[in-house]
Amino acid sequence: MEDRVKKELIAVVGPDRATDKPEDLVAYSLDPHIEEHLPDLVLYPLSTEEVSAIMKIAYREGIPVTPRGSGTNLAGETVPVKGGIVLAMSKMDAILQIDSDNRVARVQPGVINFEFQQEVAKYGLMYPPDPSSWKMATMGGTVGTNSGGPKTLKYGVTRDYLLGLTVVLANGDVLRTGGLAIKNVTGYDLTRLICGSEGTLGIVTEIIVRLIPKPRASRTVRADFPRLEDSSNAVAAIIGAGILPAGLELMDRVVISAVEADAKLGLPTDVDAILLIEVDGDPEGLDAQVRKIEKILEDNKARTVMAAANAEEADKLWTARRSAVSAMARLRPNTALEDATVPVSNLTEMIRRTVDIAKKYNLQIGVLAHAGDGNLHPLVLFDQRDKNELQRVEAATEEIFRAALSLGGTLSGEHGIGMAKARFLPMELDEVAMSVTRRIKESLDPKKILNPGKFV
Amino acid sequence: MFAEAIKEDLYSCLKCAMCQPVCPTYRVMRMERYAPRGRVQMVKKYLEGDLSITKSLQEALMSCILCEACAQACPSGVRLDRVFENMRMELHETLGPKFAKKALFAALQDPLLMRLGAGIARVGSRMIVAPLNIEWKLGNIPLNRLPVFNRSSFRSRVGEIVPAKGARVGRVLYFTGCATDLINEDVGRAVVKVLTSLGLEVLVPRDQVCCSVPIFLSGARREALPNVQKNLDILDRTDVDAIVVDCATCGGGLKKAVPHLMEDLGLDTEKAHRVASKIKDVSEVVVEYLEELPIERKTKESPLTVTYHDPCHMVRSMKVSTPPRQLLAAMDDVRFVEMAGADQCCGGAGSFQFEHVEISAGVTSRKTANIRATGAQTVATGCPGCRLTLTGNLLKTGDPTVVHTLQLLAERLRA
């Protein structure tokens with residue numbers, strides 16, 4: 001980047017909110033993805049106007065711009081592969097408005113998902129999208145990746161709660177989409193176009209979301225299944241019985257062993273799967289629902305079924321699930337967390353194939369799943385300094401994607417494509433879909449400066 | 001010298017950022033420079049030869065509070081505290097400390113010099129600051145809120161052997177730390193009063209020196225060694241049941257950081273581990289006698305509302321959080337209220353609050369807000385550093401006073 005341009009960019013935000021010091025560039029060269037690349041400059045804007053001024057300069061000069069929240073995304077979305085500017089949105093962290101009468105809120109992109117949820121809970125309201133990274137993830141980041149979470153099955157993903165956005169386009173123009181009204185069908189749904197676009201179409205600087213009343217109670221049930229297919233049958237039967245759990249999580253044998261070795265929670269290590277089921281709603285109706293679930297689990301050959309008597313017991317049951325990623329990660333230096341997703345009826349088959357792939361490539365792979373919506377999280381363990389193992393990881397990952405697609409699934413249920421899965425995109429999108437994708441990108445970002453080197 | 005075993009940890013970092021939300025400096029600054037993940041990456045790139053030691057790198061690493069919250073949160077078990085401690089030694093050996101720190105280290109290393117300094121400060125605060133009502137601040141703390149030094153060293157007056165009251169049931173060694181010795185003799189007296197009333201003989205070796213945690217956590221690990229070794233020689237004895245501390249930093253240092261220091265420097269760790277296994281916070285010793293505590297049964301008509309602040313080095317380095325709360329619960333006339341984020345740093349961290357004033361103020365303001373939300377009249381804690389920071393920042397009318405937990409207990413002992 002030319003000094004002249006750098007000076008001009010720094011002048012927009014001032015020297016306290018701009019840096020090109022080597023340590024800072026190193027700290028912004030990464031996200032959880034394995035590859036890293038140094039940016040030339042990191043800027044911390046505080047307003048839509050500043051972002052617009054930055055984009056005008058970047059557009060004029062053709063400088064790449066990679067927006068970033070907390071950098072917790074899992075597909076390399078925020079690695080600045082082409083250098084240029086990292087726009088760190090973390091300081092734009094104000095909750096601008098919570099309107100409890102109309103059940104809408106306006107926030108800046110740097111607000112942390114968890115903190116926002118805590119805040120709306122004070123009004124008896126809930127914002128359901130709850131990615132596992134919710135304590136770090138920003139609202140802007142969850143819009144960029146259209147995040148889901150354990151509650152997705154019942155409540156949907158980020159895009160289902162977006163009412164409007166303020167977006168700075170590649171040339172610095174400010175686009176306002178949607179509004180405060182809950183129903184709005186005016187024009188193209190530009191809000192949803194931006195949601196999940198991973199910073200390739202514009203920089204989100206303000207977000208309007210809708211909120212829902214917070215359920216008054218919840219209950220948790222755990223079931224241990226000696227056989228994997230019985231657990232899948234139970235999942236299908238629960239949903240078939242008209243029950244929509246707020247969480248329906250599965251841990252496979254590998255993960256159970258790792259958690260038990262690490263945390264000693266008394267989990268059975270001789271079963272194929274453990275299911276954790278959470279239902280929420282009015283307390284009056286929950287007991288009957290829990291009894292119905294217990295019956296279904298027993299009918300589907302669960303060895304043990306445990307319903308938590310109170311919140312404390314429920315928390316204990318969830319500890320196992322919460323410790324799963326840590327327990328696995330501690331086994332080896334690196335952990336890749338994939339998110340191949342299949343129609344729920346193919347869940348068992350997909351887990352089986354994953355286990356076979358692990359054997360074939362001699363890798364440790366454990367499976368966590370949001371079982372209710374067929375969203376698998378294979379955890380692949382390795383050491384990135386072992387080149388041979390790294391190659392096997394890449395081959396195994398590709399095979400997992402192929403398996404998911406052949407079972408009618410998708411490359412990504414919730415993590416996105418980023419740079420990690422960019423080369424697999426044509427496996428899922430046909431020539432027409434790829435062409436439409438490219439044309440949308442070209443019309444909004446003709447100079448290809450927004451988050452270049454990613455999926456589009 | 002960066003310990004080889006700790007270098008390996010850097011390759012276990014998943015870059016997941018689970019350290020971010022627990023990091024007090026990141027929460028204030030919202031920049032990766034001030035986040036554990038960013039700092040770990042800097043250390044890694046330095047060791048790989050891609051970054052060199054500069055003032056700017058030093059600032060990033062020295063702006064860490066070493067509160068250990070990140071190490072506790074890390075899913076893959078990276079020992080971030082040890083990564084940063086090793087890196088600080090690299091920085092120190094290349095760049096050296098700032099002048100003010102050099103003077104502080106010199107004082108902490110030399111008991112005579114330290115007593116002389118304390119004497120001058122006592123005179124200064126009594127004769128200049130107090131009468132002139134000077135409104136200057138040191139960091140975020142008004143000068144008139146800084147503690148006044150003891151008239152003379154607590155250790156020199158308490159005696160080397162304080163006998164148990166009544167039948168002797170055991171013997172403990174009391175490592176007083178500099179703060180109690182020179183500033184908070186009220187805490188020292190409370191500790192001795194409580195321990196002896198439990199039937200414990202209390203040994204207070206006069207020649208114990210500064211634990212040196214402030215020196216070696218700044219990176220001056222080699223410079224701290226003489227003091228560290230001298231203390232180990234004094235403390236390594238088989239005729240005491242426990243070594244009692246009233247300061248979280250001394251305790252965390254002797255229990256954890258000193259063995260790590262010896263290990264990282266490739267020195268024999270046997271003695272350090274032997275001493276570490278006997279280190280106990282005073283509250284841990286007292287709760288063992290909870291049933292027999294000769295405590296006044298006071299009326300509950302107008303209870304004193306008390307909240308408790310967990311010092312970083314007590315809750316994480318020493319893993320002590322329940323005993324002080326048990327003591328508070330045992331006091332009839334105390335109503336205990338838990339604050340939100342009790343185990344989050346107060347922002348003080350010794351010299352940190354004077355060197356990183358803006359960050360410290362941000363961290364402290366979260367803590368004081370949480371304290372005020374409890375409506376407590378008193379904050380109990382177990383660290384002289386936290387006490388200093390909280391006292392210096394709870395300045396509004398109606399704000400609670402800050403004391404050591406043992407002071408509350410000592411006041412309630414039957415005569």
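What you see is a predicted model, and the numbers here were worked out from it, not measured in a lab. Proteins get letters first, then strands, A, B, ... in listed order; numbering begins at 1 in each.
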Would you confirm whether A:K135, through its side chain, and B:M18, through its main-chain N or O, come within 3.5 Å as a donor-acceptor pair? no
Ranked by heavy-atom pairs below 4.5 Å to chain B, first place among A:R68, A:Q384, A:R17 goes to A:R68
For chain A, find which of B:A35, B:S12, B:S56, B:G77 contributes the most heavy-atom pairs closer than 4.5 angstrom. B:S56
Here's one to test your reading of the geometry: is the NZ or CZ of A:R385 within 45 degrees of the ring axis of B:Y11 and under 6.0 Å from its centre? yes
Donor-acceptor contact below 3.5 Å, side chain A:K91 vs main chain B:M31: no
Between B:L57 and A:K21, does a side-chain contact (heavy atoms from CB on, under 4.5 Å) hold up when you go through it step by step? CA-CA 9 Å; B:L57 182 63; A:K21 295 197 178 101; over 6 Å; no
Which pair of heavy atoms, one from B:G38 and one from A:A27, lies closest together, and at what distance? CA-CB, 3.9 Å
Just checking, any donor-acceptor pair under 3.5 angstrom between side chains of A:E36 and B:Q41? yes
Is the count of non-hydrogen atoms from other residues, nucleotides or ligands lying under 6.0 Å from B:R335 atom CZ greater than 12? no
For A:S70 and B:R37, the nearest pair of non-hydrogen atoms, with its separation, is O-NH2, 2.7 Å
Do you know which two heavy atoms are closest between A:A329 and B:L14, and how far apart they sit? CB-CD1, 3.5 Å
Heavy-atom pair with the smallest gap, counting every atom of B:A17 and A:T72: CB-CG2, 3.7 Å
Are more than 12 heavy atoms from other residues, nucleotides or ligands located less than 6.0 Å from atom CD of B:E338? yes
Which atoms of B:Y46 are under 4.5 Å from chain A, going by heavy atoms: the side chain, the backbone, both sets, or neither? neither
Which region of A:L331, side chain (C-beta onward) or backbone (N, CA, C, O), has a non-hydrogen atom less than 4.5 Å from a non-hydrogen atom of chain B, or is it both or neither? neither
Looking at B:R30 and A:D93, does any basic side-chain N land under 4.0 Å from a carboxylate oxygen? yes
Gap separating the NZ atom of B:K45 from the CG atom of A:L25, nearest 0.5 angstrom: 13.0 Å
Keeping A:R330 on the side-chain end and B:P75 on the backbone end, is there a donor-acceptor pair under 3.5 Å? yes
Can you measure from CG (A:D24) to CZ (B:R33) and round to the nearest 0.5 angstrom? 4.0 Å
Give the member of B:C19, B:P21, B:C74 that has the highest number of heavy-atom pairs under 4.5 Å with chain A. B:P21
Counting only heavy atoms not in B:E358, do more than 12 sit closer than 6.0 Å to its CD atom? no
Would you mind checking which part of B:T54 comes under 4.5 Å of any heavy atom in chain A, side chain (CB onward), backbone (N, CA, C, O), both or neither? side chain
By a 4.5 Å heavy-atom criterion (distance strictly below it), what part of A:R322 contacts chain B: side chain, backbone, both, or neither? neither
When rounded to the nearest 0.5 angstrom, what distance separates CD in B:E32 from OG1 in A:T19? 12.5 Å
Cut-off 4.5 Å, heavy atoms of chain B, and the answer for A:V26 is both
